[in-house]
Amino acid sequence: MARTASKPGLLFSGSDWDFPKLSHAYEAIAAIAIEDLKLDTYPVQMEIISSQQMLDAYSSVGMPLMYRHWSFGKHFLYQDFLYRKGGRGLAYELVINSNPCIVYLMEENTMALQALVTAHAALGHNHFFKNNHLFRQWTDAGGILSYLEFAKGYIARCEERHGLSAVESILDCAHALMEQGVFRYHRPPKLSSERQREGLRERLEYEERSYNDLWRTLPPSQESSKTEKKDEGLAERKKSLNLPEENLLYFLEKNSLILEPWQREIIRIVRIVAQYFYPQRQTQVMNEGCATFVHYTLMNALFDRGQISEGAMLEVLRNHSNVIFQPAFDDPRFSGINPYALGLDMMQDIQRISTAPTAEDRDWFPDIAGRGDWRDVLLDAWANHRDESFIRQHLSPALIRKWRMFVLADQADNAHYEVASIHNERGYQKIRAALAQSYDIGASRPDIQVVDVDLLGNRHLRLQHKVKEGVLLDSGSRDATLRHVRSLWGYEVSLASVDAETGATLSERSSNDC
């Protein structure tokens, strides 16, 4: 087959790709990203993978290194079934928040699509990971890969030493509690260095050699026990244990009396993995919106400079349209608001407000309307906001009208919905506040905390769930969670549901009854 010669100035022609073309395209796209958009990124490591490898990456939560667990295999089989039956397509790329930033590209992609996803992931996501305050505060991009290598090796050694079933049992309990295994309100410590982890391995091995289960069965001194019971009230006990504690896995790791050192370290590994993904749950609209805005802007810039052909641009626009497609509420494909679509629209709206504002824009956004330099506005938003605050501060009335948004009031004792907010000034404020609230994971996730434990008595661990708007926990998942906590704690665990506003106890469940 005769090869089509590239036109002068084109980065590529045709659909076939090779590594020199990928490298050349990345250099051209990165140059525009730095010069025009002022992006600041980690070094990039791009890898080409097959569809089977992409499915494998799906199963291990997108990480290049991960310990073994049966849930990953189950997830792989489920994704593989959907893919082969045509029920779900695969992502064109996968990007990892690490330094260097690792980008997986599908080998089935055409060259035009490889250029698109390079702009999306290697530059858009990469910039967001490096600069957003949540990722800077809660994750360590430079240490995560070496830590996962340590975790994979450590758990493999535990399986050899203690048996697969023993390790699997700890992982099952820890995975079940991952949602309650993150710090939400204060910064976690940085990941340890390789030298520190080597010292940790030596310490754990020493503790395992010197560990004696009989020490736990010795009764406390009666005199000291009586004195402590008199002097230490509930308030002092909570203070000494830093209660209430929001991070359930952290509390169990530090205070459980039945866990051996290697079990504590496995819980810590799962807790760190959960913490790593915590910012991503809070920034989906912003992260995907940033990457989509970047790839759309950069690909159009390449076309305007004559570096990609009309045919390649048409393919880019077709894939771009698929990414930002938003089904209507009555469409069978509707599953909520598409974060790619909402994020892109909001960022393009900021661009419009900064350069060509209306009188309404000047009233709502006096700080950025007509400012001219939309790049600085977006760079500031990408660095300093999460989804909830970004929507609360930047969703405009014009975009609310475009999306035809309104608020429905739903009372449990009413047979019908009530349209509570419409398109007027007060309605816009309520719509924006309601949408922002829906992206606040602090409001949508169950607030469960350790509130008390009697270490000197029956060692009863008390948890408390603050009930918001009358929404109780599902009884099945609640009981299963209590059983997992009991397995890691070793003694009775109870969970009280308390009204967040009044403090009244609505219900209480004990692990002894599950």
Side-chain angles (χ1 to χ4, degrees), residues 26 29-30 33-34 37-47 49 57-58 60-67 91 93-105 117-154 178 181-184 186-198 200 247 268-295 343 378-387 390 441:
Y26 170 76
I29 296 169
I34 295 171
L37 295 183
K38 304 177 183 177
L39 299 188
D40 175 28
T41 61
Y42 292 123
V44 177
Q45 177 181 327
M46 290 194 289
E47 300 186 8
I49 63 174
Y58 278 11
S60 58
V61 294
M63 302 306 295
L65 294 166
M66 203 61 181
Y67 53 82
E93 47 74 26
L94 194 64
V95 59
I96 296 170
N97 170 30
S98 60
N99 184 12
C101 181
I102 299 177
V103 179
Y104 292 125
L105 304 178
V117 298
T118 295
H120 182 93
L123 293 160
H125 282 308
N126 191 349
H127 172 87
F128 194 85
F129 286 147
K130 184 177 182 181
N131 293 277
N132 182 262
H133 78 285
L134 283 175
F135 288 90
R136 292 169 64 90
Q137 177 180 354
W138 296 103
T139 65
D140 180 6
I144 187 62
L145 295 180
S146 61
Y147 183 80
L148 288 176
E149 182 180 9
F150 154 76
K152 182 178 181 179
Y154 183 82
M178 284 183 81
V182 297
F183 292 106
R184 294 180 174 87
H186 63 89
R187 185 173 181 172
K190 287 281 188 180
L191 294 180
S192 55
S193 65
E194 180 61 33
R195 184 175 180 180
Q196 289 172 319
R197 287 197 292 272
E198 184 63 33
L200 170 67
N247 192 325
R268 183 172 186 270
I269 288 170
V270 174
R271 177 171 62 80
I272 288 175
V273 171
Q275 193 72 57
Y276 172 85
F277 288 103
Y278 176 62
Q280 299 191 26
R281 297 201 299 267
Q282 299 185 78
T283 56
Q284 190 174 15
V285 170
M286 288 204 68
N287 202 342
E288 297 298 354
C290 169
T292 306
F293 179 87
V294 166
H295 85 230
L378 285 177
L379 289 172
D380 178 73
W382 293 339
N384 297 305
H385 286 284
R386 55 178 180 160
D387 289 346
F390 180 62
I441 65 172

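Note that the structure is a prediction, hence the values are computed from the model and not measured. Residue numbers start at 1 and run along the sequence shown.
Applying the side chain to side chain donor-acceptor pair (under 3.5 Å) test to Glu47 and every residue at least two apart in sequence or in another chain returns Gln45. Applying the ring pair (Phe, Tyr, Trp, His ring centres under 6.0 Å) rule to Tyr278 yields the partners Trp138; only residues at least two apart in sequence or on another chain are considered. With sequence neighbours left out, Asp387 forms a side chain to side chain donor-acceptor pair (under 3.5 Å) with no residue at all. By the ring pair (Phe, Tyr, Trp, His ring centres under 6.0 Å) test, His295 pairs with His120, His320, sequence neighbours left out. Every residue two or more places apart in sequence or in another chain that forms a side chain to side chain contact (heavy atoms under 4.5 Å, CB included) with Ala122 is listed here: Tyr26, Val44, Val103, Thr118. Residues satisfying the side chain to side chain donor-acceptor pair (under 3.5 Å) criterion with Asn131, sequence neighbours excluded, are His127.
Ile96 is not listed as a side-chain neighbour of Phe129, based on a closest heavy-atom distance of 4.5 Å or more. For the pair Leu145 and Ile102, the minimum side-chain heavy-atom distance is below 4.5 Å. Asn99 places none of its side-chain heavy atoms less than 4.5 Å from the side chain of Lys130. The shortest side-chain heavy-atom distance between Trp382 and Phe293 falls under the 4.5 Å cut-off.
Considering NE2 of His385 and CG of Asn132, their distance stands at 10.0 Å, rounded to 0.5 Å. Here SG of Cys290 is found 9.0 Å from CG of Leu37. Values are rounded to the nearest 0.5 Å. Rounded to the nearest 0.5 angstrom, Ile144 CD1 and Gln275 CD are separated by 10.5 Å.
Atom CD of Gln280 has more than 12 neighbouring heavy atoms from other residues, nucleotides or ligands inside a 6.0 Å radius.
Nearest heavy atom pair, residue Ala151 against residue Ile269, reads CB-CG2, 3.6 Å. Of all heavy-atom pairs between Ala274 and Gly181, the closest is CB-O, 4.2 Å. The minimum heavy-atom distance between Ser98 and Tyr42, with the atom names listed, is O-CD1, 3.5 Å. Scanning both residues, Pro43 and Asn126, for their nearest heavy atoms gives O-ND2, 4.5 Å. In terms of heavy-atom proximity, His125 sits nearest to Asn287 at ND1-OD1, 2.6 Å. Heavy-atom minimum distance, Phe135 versus Phe128: CE1-CE2, 3.6 Å.
In this structure, Ser146 contributes its side chain and Gly143 its backbone to a donor-acceptor pair below 3.5 Å.
Aromatic ring pairs are classed by plane angle as parallel below 30°, tilted from 30° to 60° and perpendicular above 60°; the pair Tyr154 and Phe150 is tilted.
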From CA spacing to verdict: side-chain contact (heavy atoms from CB on, under 4.5 Å), Leu123, Ile34: CA-CA 9 Å; Leu123 293 160; Ile34 295 171; 5.9 Å; no
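For Asn97 and Thr139, the side-chain atoms include at least one donor-acceptor pair closer than 3.5 Å.
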